[in-house]
Amino acid sequence: MESIQTTIMTLLKIPSQIKSISQVKQIHAQIAKSFPIFTSDILSIYTKFNFLPESITLFNTLPSPSIHAWKSVIKCYSSNAYFFESLKCFVKMRGIGIHPDHNVFPSVLKACTHLMYFKFGESVHASVIRFGLEFDIFTGNALLSMYSTFQRFSALQVLDESPERMTADQSDSILHHHNINNYKLCPEVGQNCQNPSFLNQFSNRGLGNLRMQSVRKVFETMPEQDVVSYNTLIMGYAQNTMYNEAMMMIREMGNAKLKPDAYTLSSVLPIVAKYMDAWKGKEIHGYGIRHGFERNRFITSGLTDMYANCKMLEDSYHLFCSLPDKDCVSWCSMIAACVQNGLFDEGFILFRQMLSANIKPTLVSCSSIIPACAHLTTLPLGQQLHGYIIRHHFDDSLFISSSLVSMYAKCGNIKLAKCVFDGMKQHDLVSWTAMIMGYASHGYAHDAIFLFKEMEMEGFMPNSVAFVAVLTACSHAGLVNEGLTFFNRMVRHYDITPEFEHYACVADLLGRAGKLEDAFGLICSMPENKTAGVWLPLLAACRVHKNVELAEKVVLEMSKFDGDNVGAYVLLSNTYSSVGKYKDAATVRQMLSKKMNKKEPACSWIRIGEKVHAFVTGDESHSSYDCIINALNILFG
DNA sequence: TTAGGGTTAG
């Protein structure tokens with residue numbers, strides 16, 4: 001008996017010597033029989049292994065759990081992502097008058113952060129101050145993380161309702177006299193963040209800046225900061241698109257003699273990707289290799305994404321291939337890299353390879369590959385994916401629904417697109433825009449405009465993409481006044497700087513309506529990006545309205561940056577022909593035939609059944625070539 | 001004891 005007791009005492013004093021959960025269970029069984037006084041120690045060992053069911057069962061057998069037992073179970077709940085239960089336990093503990101300590105607050109604050117319990121988190125902060133633990137580095141870091149997360153949603157309230165202004169008695173009474181069930185998601189955050197007016201609020205970068213200042217204040221009031229403190233702030237800046245500030249923090253980190261770790265690198269990579277700074281990205285990659293982070297999953301996925309964003313797909317793929325154990329995120333990063341760079345077939349090949357490697361598609365991988373179905377107009381594949389999505393209950397996701405709406409619209413089935421849109425429990429700006437664009441591309445301009453106005457009435461503030469959609473609708477339907485009104489509202493009311501796409505839509509709209517000089521003037525007023533995409537529709541309009549003089553001016557403008565544009569010469573030649581200037585048309589055609597040799601011919605294709613039929617200019621190799629030509633002759637009379 | 005990845009609309 002004595003020797004068993006000695007062994008158990010030794011193991012309990014050095015729990016790190018216990019190597020498996022079965023050993024814990026053996027010790028537990030022995031202690032439960034002989035030494036119930038050690039039950040609390042066994043509980044802490046169960047929680048060390050994050051073994052939740054055993055921890056809870058054991059905890060429930062304790063007649064009056066100690067602070068040690070309470071904090072073990074609170075931590076265990078939090079570590080297993082049972083955040084609500086963790087907070088309930090914390091409230092119960094406070095309710096019976098047990099004082100929390102520096103071990104328990106980080107777990108509780110983590111639970112508040114994940115649940116987005118904004119006001120409850122503030123009360124916990126007040127309690128931290130009441131117990132004099134605000135200078136504990138772990139608690140401080142947990143607070144920093146909590147406010148950094150909250151700031152993305154409603155951190156102005158952090159500034160206005162700082163718990164530092166509460167008295168100790170106030171904070172204590174909050175945690176003593178409330179019911180955790182009253183702390184459902186506070187209205188500004190969490191699931192309800194789809195609330196449009198709220199979205200509008202935090203889409204403003206200026207406010208985001210102000211919010212991060214409050215997080216920075218928490219950082220500065222900490223008596224000391226470690227790597228976690230810096231990383232938390234850097235992540236906060238990065239997630240708030242305050243990239244310069246994030247980079248500044250890395251420099252400050254160096255001044256504080258702290259070395260960037262894997263967390264730091266994975267926070268910086270999205271910034272480098274955003275700025276398409278491949279040189280800096282390579283530098284980070286090298287630093288990662290030198291410091292042993294080469295296999296870190298967060299870094300490898302960040303690098304894959306960064307290289308893809310910098311249009312260095314080969315580097316992305318090389319890195320991806322070098323990974324010995326690819327998880328679903330590795331696959332998804334590479335698939336998304338292909339799809340976002342227009343390599344839709346390659347995206348599909350990888351998707352199939354992922355399935356062969358027994359990696360099941362997740363919600364995210366599904367939403368990455370659906371746009372490939374949309375662009376390749378492969379409806380059967382898209383429908384198969386939709387079936388999979390329904391079977392796996394991914395269809396509640398806004399990402400999934402928006403991509404499905406877009407896919408069905410692009411594949412020609414606007415009714416199914418509307419069906420998915422109407423079936424959504426809630427909409428966001430992206431899903432509204434997908435549906436508006438669907439209507440616009442199908443020529444249902446009035447439906448698109450109606451939906452755009454409905455979206456505004458619902459309180460959503462349209463962004464530049466939503467305006468592209470509604471302007472496309474106006475352009476396709478020739479709704480000149482409506483289009484110009486939307487364009488002006490975008491600039492004056494919503495303060496959105498027009499981009500290439502907006503100019504292209506309006507120029508096209510004016511051109512189709514015969515207001516050729518207005519269209520020319522608008523394009524000339526563009527500050528940059530006067531590329532072929534914006535001139536060609538005007539040139540097409542010149543042909544329709546037989547305006548040779550303006551067509552020549554347009555081609556002259558285009559020759560300043562794209563002298564070999566075949567489309568421009570075809571349209572100019574056709575414009576000459578339309579007014580009977582056949583000699584000029586022939587001259588342009590001669591020039592064209594010389595340029596054609598330098599150009600890769602365009603290709604179009606159609607899917608019939610399971611087969612894709614592709615056609616290239618001048619290619620007569622298709623087996624049904626004669627039938628196709630006969631059919632075309634019938635169609636064109 | 002505290003911090004992190006891939007996704008949707010042009």
Side-chain angles (χ1 to χ4, degrees), chain A residues 47-48 71-72 74-75 78-79 101-110 113 133 136-146 148-149 226-236 238-239 261-270 296-306 308 320 327-337 339-340 361-371 374 394 397-407 409-410 421 427-438 440-441 462-472 499-502 504-505:
Chain A
T47 58
K48 179 200 137 188
K71 70 187 181 192
S72 292
I74 288 168
K75 178 185 166 291
S78 234
S79 304
D101 65 9
H102 67 282
N103 282 305
V104 84
F105 277 120
S107 297
V108 173
L109 290 166
K110 180 182 178 177
T113 309
L133 291 167
D136 170 65
I137 192 144
F138 285 94
T139 306
N141 284 342
L143 279 168
L144 198 59
S145 169
M146 182 179 81
S148 185
T149 303
D226 62 5
V227 177
V228 178
S229 325
Y230 277 91
N231 284 343
T232 308
L233 200 61
I234 290 165
M235 282 171 210
Q239 285 164 353
D261 65 3
Y263 283 86
T264 325
L265 301 194
S266 61
S267 301
V268 177
L269 281 170
N296 180 292
R297 292 181 187 283
F298 294 87
I299 293 180
T300 51
S301 58
L303 284 169
T304 308
D305 190 45
M306 181 275 296
F320 170 77
D327 66 2
C328 62
V329 179
S330 325
W331 282 98
C332 186
S333 301
M334 196 60 234
I335 292 167
V339 175
Q340 287 163 0
T362 60
L363 189 156
V364 180
S365 44
C366 285
S367 54
S368 302
I369 197 68
I370 292 170
F394 296 158
S397 152
L398 283 165
F399 281 86
I400 290 284
S401 302
S402 304
S403 55
L404 284 173
V405 167
S406 181
M407 180 202 72
K410 285 203 177 86
F421 182 79
H427 296 125
D428 65 355
L429 188 57
V430 177
S431 53
W432 282 101
T433 307
M435 194 63 234
I436 294 165
M437 184 53 89
S441 56
N463 65 3
S464 92
V465 186
F467 271 105
V468 171
V470 77
L471 288 171
T472 303
E499 294 163 20
F500 165 81
E501 288 83 359
H502 305 111
C505 281

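All figures in this text were calculated on a predicted structure; none of them were measured in a lab. Proteins come first, then strands; the chains are lettered A, B, ... in the order of their sequence lines, and each starts at number 1.
For A:Ser406, the side-chain hydrogen bond (donor to acceptor under 3.5 Å, both in side chains) partners two or more places apart in sequence, or in a different chain, are A:Lys410. Under the salt bridge (Lys or Arg N to Asp or Glu O under 4.0 Å) criterion, A:Asp226 pairs with no residue at all, not counting sequence neighbours. Listed by chain and number, the residues in a ring pair (Phe, Tyr, Trp, His ring centres under 6.0 Å) with A:Tyr230 are A:Phe219 (sequence neighbours excluded). For A:Asp101, the salt bridge (Lys or Arg N to Asp or Glu O under 4.0 Å) partners are A:Lys71, not counting sequence neighbours. For A:Tyr263, there are no ring pair (Phe, Tyr, Trp, His ring centres under 6.0 Å) partners, not counting sequence neighbours.
With a cutoff of under 4.0 Å to any heavy atom of chain A, the contacted region of DNA chain B is bounded 5' to 3' by B:dT1 to B:dG10.
Across all strands, A:Thr304 comes closer than 4.0 Å to no nucleic acid atom at all (heavy-atom distances). Among the atoms of the strands shown, base atoms are found under 4.0 Å from some heavy atom of A:Ser464. Nucleic acid contact class of A:Ala262 (heavy atoms, under 4.0 Å, all strands): base. When heavy atoms are screened at a 4.0 angstrom cut-off, A:Thr232 is found touching the sugar-phosphate backbone but no base atom. Contacts of A:Lys71 with the nucleic acid, taken as non-hydrogen atoms under 4.0 Å apart, are absent. Heavy atoms of A:Asn463 sit under 4.0 angstrom from at least one base atom.
Here the shortest heavy-atom pairing between A:His502 and A:Ser464 reads NE2-O, 2.8 Å.
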